[in-house]
Number of protein chains: 2
Amino acid sequence: MVRKTKEDAELTRLAIIEAARAVFLARGVSRSTLEHIAAKADVTRGAVYWHFKNKTEIFHAIRDQVFLPLIDRMDDTLASESKDDPLTQIENSLCDTINELSRNIEMQQTYEIMMIKCEYVDEFATVLQQILNNCSNITEKIQLAYERASKKNLLAGSHSPRALAQDTHLFFSGLLHMWVKDFDGSRFRYQATELIKSHINLRRK
Amino acid sequence: MVRKTKEDAELTRLAIIEAARAVFLARGVSRSTLEHIAAKADVTRGAVYWHFKNKTEIFHAIRDQVFLPLIDRMDDTLASESKDDPLTQIENSLCDTINELSRNIEMQQTYEIMMIKCEYVDEFATVLQQILNNCSNITEKIQLAYERASKKNLLAGSHSPRALAQDTHLFFSGLLHMWVKDFDGSRFRYQATELIKSHINLRRK
DNA sequence: TTATATACAAACAAGAATGTATGTAAATAA
DNA sequence: TTATTTACATACATTCTTGTTTGTATATAA
């Protein structure tokens, strides 16, 4: 039967995105066909082609749905003038992201797709550049927090905020990658926040 | 013309692996066809099917050619009874890997393929488990080095060797990922060893 | 009320890609 | 020397995917 109102159409669109996420996760982006996605969403390829130009556009829709809000969120936690000391602020920001990842299954799946179920070539290569840019931004935010910590004399040793921020960023990148790869959760998932606290404590005076 | 001797056949095999690496890198594993690979290696698909069962087997051949030697190497650097202090040993081990990555273009390409040009589903999913196991091994080796450093009283603060090792491992994972994604080299490639030194210096008394 | 645009379903056409089967010249074994 | 493998090339059959086209019921605009 044909969907009718604009609201119904939007539901179809969302159903397709949701289905695509599940299919991408199970079969990888390349091996996922529009037929798979359509079937999962209980529509035909006709509907998919009506809402999206092709698979790549669906991919971006999935990414936008989850990544963009997350970036904002992280920015907020890091930049906010909280009552916590700056080091705790960094710690909270990282832990927040991990917690969100733990309880938000859509975000979890999206991360997994982006990290280990997608090949960054051709149309997808541009995404890499975006990721690098995001990383730069986050590192800068962390650096600012370390600079505040430095001014408040909270840091052990005499390391530059820049170096600390890069180290923290690389640590967190690694953590996210391991978190995603660690399906059964035995190695990283259950101790992620501990690892973060430990990382930050290394820097406390 | 038909290749004849066993030596010639082995050359063909190597040519196919080399061609596959280039094709995987350019098009991603999924979008690479055996025809692409055969053409690049100046043979026909017949030759490819003679030497390999399918694309997955070529993938593993590429991986084995570069990864297995690397793991041994890293183990050696970390476990060896060198004259350096343990912290410098860790530092050298990480820097060594980065240096090798810088000058060994095959290794570079292989890393890039494994990290951002491959989807870990179905037959490839098992590779993830292998990667996690490797990570565990490396973390353990690093931990042993930190324990030696602790005994020699070289460590600042009173952090557990286990926590330090995990932090270092995650840092290095992140570094490798960024190194690979950072094509033009502007952000990470040229300062990787600096970042490593800085990371280790955080721990020195 | 009628015309048109929306939101799909269904059918079609064409090109890839894969695996296998067959052919064959040269090397090696007997 | 002859028989048999080896190391491929070539041809074939089949299955997937994709993009497009066409059809159509409903909603909405005029």
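So you know, we letter chains A, B, ... as the sequences are listed, proteins then strands, and number each from 1. Source: prediction; values computed, not measured.
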Colleague: Note the angle between the end axes of the helix from C/dT1-D/dA30 to C/dA30-D/dT1, five pairs defining each, rounded to 10 degrees.
Modeller: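 If I round to tens, the end axes sit 0° apart.
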Colleague: For residues 187-200 of chain B, please give each side-chain donor-acceptor pair under 3.5 Å, one per line with the distance, not counting sequence neighbours.
Modeller:
residue  : atom : partner  : partner atom : Å
B/Arg187 : NH1  : A/Ser136 : OG           : 2.7
B/Arg187 : NH2  : A/Asn133 : OD1          : 3.1
B/Arg189 : NE   : B/Trp179 : O            : 2.9
B/Arg189 : NE   : B/Asp182 : O            : 3.1
B/Arg189 : NH2  : B/Trp179 : O            : 3.0
B/Arg189 : NH2  : B/Val180 : O            : 3.4
B/Gln191 : NE2  : B/Arg187 : O            : 2.4
B/His199 : ND1  : A/Asp167 : OD1          : 2.6
B/His199 : NE2  : B/Thr168 : OG1          : 2.9
B/His199 : NE2  : B/Arg203 : NH2          : 3.3

Colleague: Provide, to the nearest angstrom, the distance between the CD atom belonging to A/Glu10 and the P atom belonging to C/dT6.
Modeller: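 So the CD-P distance, A/Glu10 to C/dT6, works out to 15 Å.
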Colleague: Separation of A/Lys6 atom NZ from C/dA5 atom P, in whole Å?
Modeller: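 For the pair A/Lys6 NZ and C/dA5 P, the rounded distance is 13 Å.
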Colleague: According to the salt bridge (charged side-chain N to carboxylate O under 4.0 Å, His left out) rule, which pairs have a member within residues 44-57 of chain A, sequence neighbours left out?
Modeller: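 Sorted pair list comes back empty.
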Colleague: Taking atom P of C/dA25 as reference, at what distance in whole Å does atom CG of B/Asp8 sit?
Modeller: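 Whole-Å distance recorded here is 18 Å.
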Colleague: Please state how far atom CG in A/Asp42 lies from atom P in C/dC8, giving the value in whole angstrom units.
Modeller: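 A/Asp42 atom CG is separated from C/dC8 atom P by 13 Å.
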Colleague: In whole Å, what is the span from the CH2 atom of B/Trp50 to the C1' atom of D/dT5?
Modeller: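 Those two atoms, CH2 and C1', are 8 Å apart.
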Colleague: Evaluate the side-chain proximity of B/Thr88 to B/Arg204: yes if any heavy-atom separation is below 4.5 Å, no if none is.
Modeller: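 Answer yes - side chains close enough.
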Colleague: Which heavy-atom pair separates B/Ile16 from B/Ile37 by the least distance, and what is that distance?
Modeller: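 Shortest heavy-atom contact: O-CG2, 3.8 Å.
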Colleague: Kindly say if B/Thr12 contacts the phosphate of D/dC8, meaning a side-chain N or O under 4.0 Å from OP1 or OP2.
Modeller: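 So the side chain of B/Thr12 is within the cut-off, an N or O lying under 4.0 Å from OP1 or OP2 of D/dC8.
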Colleague: Before giving the answer on side-chain contact (heavy atoms from CB on, under 4.5 Å), spell out for A/Gln166 and B/Phe171 the whole-Å C-alpha distance, their side-chain angles and the decisive distance to 0.1 Å.
Modeller: CA-CA 10 Å; A/Gln166 296 195 85; B/Phe171 156 79; over 6 Å; no
Colleague: Hey, is the side chain of A/His51 poking within less than 4.0 Å of OP1 or OP2 on C/dA7, counting only N and O atoms?
Modeller: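 Negative; the distance criterion is not met.
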Colleague: Taking atom P of D/dC8 as reference, at what distance in whole Å does atom CD of B/Glu7 sit?
Modeller: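 Answer to the nearest Å: 12 Å.
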Colleague: Write out all pairs satisfying ring pair (Phe, Tyr, Trp, His ring centres under 6.0 Å) with one or both partners inside residues 4-62 of chain A, taking only residues at least two apart or from two chains.
Modeller: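 Applying ring pair (Phe, Tyr, Trp, His ring centres under 6.0 Å) to every pair that reaches into residues 4-62 of chain A, excluding sequence neighbours, yields A/Phe59-A/Phe124.
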Colleague: Just do the side-chain contact (heavy atoms from CB on, under 4.5 Å) check on B/Gln143 and B/Leu164 with the steps written out, would you?
Modeller: CA-CA 7 Å; B/Gln143 181 178 342; B/Leu164 290 174; over 6 Å; no
Colleague: What is the distance, rounded to the nearest whole Å, between atom CD of B/Glu57 and atom P of C/dT18?
Modeller: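 Result: 15 Å.
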Colleague: Would you say the side chain of B/Arg13 lies within less than 4.5 Å of the side chain of B/Ile17, judging by non-hydrogen atoms?
Modeller: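 Touching, per the 4.5 Å side-chain cut-off.
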Colleague: Just grab all the side-chain hydrogen bond (donor to acceptor under 3.5 Å, both in side chains) pairs involving residues 96-110 of chain B, residues at least two apart or on different chains.
Modeller: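 Qualifying pairs, neighbours excluded: B/Arg73-B/Glu100, B/Glu100-B/Arg103, B/Glu100-B/Asn104.
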Colleague: Can you tabulate the close N/O pairs, meaning under 3.5 Å, that link protein atoms to atoms of nucleotides 17-21 of chain D?
Modeller:
residue : atom : partner : partner atom : Å
D/dT18  : OP2  : A/Leu34 : N            : 3.2
D/dG19  : OP2  : A/Tyr49 : OH           : 2.4
D/dG19  : N7   : A/Arg45 : NH2          : 2.6
D/dG19  : O6   : A/Arg45 : NH1          : 3.4
D/dG19  : O6   : A/Arg45 : NH2          : 2.8

